[in-house]
Amino acid sequence: MADNLEDSACKAEQLANEMAECAEIKELTTAIVNRLIEKIEVSEPIATDGEKVQNIRIFYKFVGEIN
């Protein structure tokens with residue numbers, strides 16, 4: 001369990017370092033997205049009360065999905 005916590009802390013620190021380097025970006029580029037994000041999942045659209053709704057899940061490198 002201690003190894004798991006240490007691993008999680010290390011991954012969180014890696015993500016924080018990557019984000020710190022991108023903190024003052026003026027434009028979100030493909031390179032920045034590729035650097036920070038592992039994958040993006042977009043669900044099928046669902047019609048709700050006449051509106052189209054889609055769920056989007058973003059999985060960050062090092063830490064996965066943040067809820």
Side-chain angles (χ1 to χ4, degrees):
M1 182 158 161
D3 288 340
N4 191 21
L5 288 174
E6 187 175 315
D7 186 48
S8 293
C10 182
K11 288 179 179 180
E13 185 176 341
Q14 287 175 310
L15 179 63
N17 289 338
E18 290 290 328
M19 292 181 84
E21 290 185 28
C22 298
E24 295 186 30
I25 61 170
K26 303 248 187 284
E27 178 181 344
L28 185 61
T29 64
T30 301
I32 293 169
V33 170
N34 289 334
R35 185 174 178 178
L36 297 176
I37 297 175
E38 184 174 324
K39 67 180 177 179
I40 300 173
E41 293 180 357
V42 180
S43 71
E44 292 292 323
I46 299 170
T48 304
D49 297 326
E51 293 185 18
K52 183 171 89 169
V53 178
Q54 288 181 276
N55 289 322
I56 299 173
R57 297 173 66 192
I58 300 173
F59 295 83
Y60 295 89
K61 290 186 178 181
F62 312 112
V63 296
E65 183 178 26
I66 299 173
N67 291 321

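- For V53, the side-chain contact (heavy atoms from CB on, under 4.5 Å) partners two or more places apart in sequence, or in a different chain, are T48.
- In the hydrophobic clustering of ILVMFWY residues, with side-chain heavy atoms under 4.5 Å counting as a link, I66 and I58 come out together.
- Expressed to the nearest 0.5 Å, how far CD1 of I40 lies from OH of Y60 amounts to 8.5 Å.
- Distance CG/N34 to NZ/K61: 6.5 Å, rounded to 0.5 Å.
- In terms of the side-chain hydrogen bond (donor to acceptor under 3.5 Å, both in side chains) criterion, Q14 has no residue partners (sequence neighbours excluded).
- Under the 4.5 Å side-chain contact rule for hydrophobic residues, V63 and I32 share a cluster.
- Annotation: side-chain hydrogen bond (donor to acceptor under 3.5 Å, both in side chains) contacts of E41 (sequence neighbours excluded): K39, R57.
- Clustering ILVMFWY residues whenever any of their side-chain heavy atoms sit less than 4.5 angstrom apart, transitively, puts I56 in a cluster other than the one holding F59.
- Hydrophobic clustering of Ile, Leu, Val, Met, Phe, Trp and Tyr side chains at less than 4.5 Å, counting indirect connections, unites V33 with V42.
- Residues meeting the side-chain contact (heavy atoms from CB on, under 4.5 Å) test with K52, sequence neighbours left out: P45, Q54.
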